[in-house]
Amino acid sequence: MSVKFTADHEWINIANADAAVVGITVHAQDALGDVVFVDLPEVGKTFNKGEIAGVVESVKAAADIYMPVTGEVVEVNEDLRNDPALANTDPLGAGWFFKVKVGAPAELDGLMDATAYDALLKTL
């Protein structure tokens, strides 16, 4: 599994060449608490790196989901829309948010690996 992380607590799994999978990290779902709603992006919509691609709402707060790389959304997780708690119970698996066709692969180099992300979490 080839996973990278953002400072905004999104993860992107780039193992599949056709479409990378994006979700929120364990840290993000812990901070949010019980997720009650997700607003997922439209399939076919293109975002630049750092643009808001969706929103996740919990009983405590709402948080924007930022696009980790420039690309086109090719699929959204309808299971998550129907059962937002998947973001809590399996944030790195069944709780994924959307899949993106990466438009600028070089941007992946600016993201953190697991070691760097763990180091970031220790500073929070």
Least distance between heavy atoms, Ala62 atom then Val55 atom: CB-CG1, 4.4 Å

Side-chain heavy atoms of Ile14 within contact of Val21, under 4.5 Å: no

Test side chain to side chain contact (heavy atoms under 4.5 Å, CB included) applied to Ala94 - qualifying residues, sequence neighbours left out: Leu86, Asp90

Side chain Asp64, main chain Tyr66, donor-acceptor under 3.5 Å: no

Sub-4.5 Å side-chain heavy-atom contact between Glu57 and Val35: no

Common cluster, Val74/Phe98, ILVMFWY with side-chain heavy-atom separation under 4.5 Å: no

Test log, rule side chain to side chain contact (heavy atoms under 4.5 Å, CB included), inputs Leu124 and His9: CA-CA 12 Å; Leu124 301 179; His9 310 291; 3.7 Å; yes

From Lys49 atom NZ to Met67 atom CE, the distance as rounded to the nearest 0.5 Å: 12.0 Å

No-hydrogen, no-angle side-chain donor-acceptor test under 3.5 Å, Thr6 and Tyr117: no

Closest non-hydrogen atom pair between Ala114 and Phe5, with its separation: CA-CE1, 3.7 Å

For the student: nearest non-hydrogen atoms of Asn88 and Gly33, plus distance: ND2-O, 2.8 Å

CZ-CG distance between Arg81 and Leu40, expressed to the nearest 0.5 angstrom: 4.5 Å

Phe47 side, atom CZ; Ile52 side, atom CD1 - distance, nearest 0.5 Å: 9.5 Å

Residue pair Lys101, Asp18: steps toward the side chain to side chain contact (heavy atoms under 4.5 Å, CB included) verdict: CA-CA 6 Å; Lys101 182 174 178 160; Asp18 292 332; over 6 Å; no

Working for side chain to side chain contact (heavy atoms under 4.5 Å, CB included), residues Val26 and Leu92: CA-CA 7 Å; Val26 171; Leu92 302 177; 4.0 Å; yes

Exceeds 12 heavy-atom contacts within 6.0 angstrom, atom CD of Glu42: no

Thr25 and Glu10 side chains, donor-acceptor separation under 3.5 Å: no

Point-to-point distance, once rounded to the nearest 0.5 Å, from CZ of Phe97 to CG of Asp39: 10.5 Å

Gap between atom CG of Leu32 and atom NE2 of His27 - 0.5 Å precision: 9.0 Å

Test item: Thr70 and Val100 side chains (from C-beta on) under 4.5 Å apart, heavy atoms: no

Closest approach of Asn77 to Gly95 (non-hydrogen atoms, all atoms of both residues): ND2-C, 4.1 Å

Distance in Å, Ile24 CD1 paired with Gln29 CD, rounded so as to fall on 0.5 Å steps: 6.5 Å

Test item: Trp11 side-chain N/O and Trp96 main-chain N/O as donor-acceptor pair under 3.5 Å: no

Smallest separation among heavy atoms of Thr46 and Glu72, with atom names: OG1-CB, 3.8 Å

Shared hydrophobic cluster, Met112 / Leu108 (ILVMFWY, side-chain heavy atoms < 4.5 Å): no

Joint cluster assignment, Val3 & Leu80, ILVMFWY side-chain distance < 4.5 Å: no

pair Lys99-Ile12: side-chain heavy atoms closer than 4.5 Å: no

Main-chain N/O of Ala116 paired with Asp113 side-chain donor or acceptor, under 3.5 Å: yes

Minimum heavy-atom distance between Val76 and Pro41, given as atom pair plus value: CG1-O, 3.1 Å

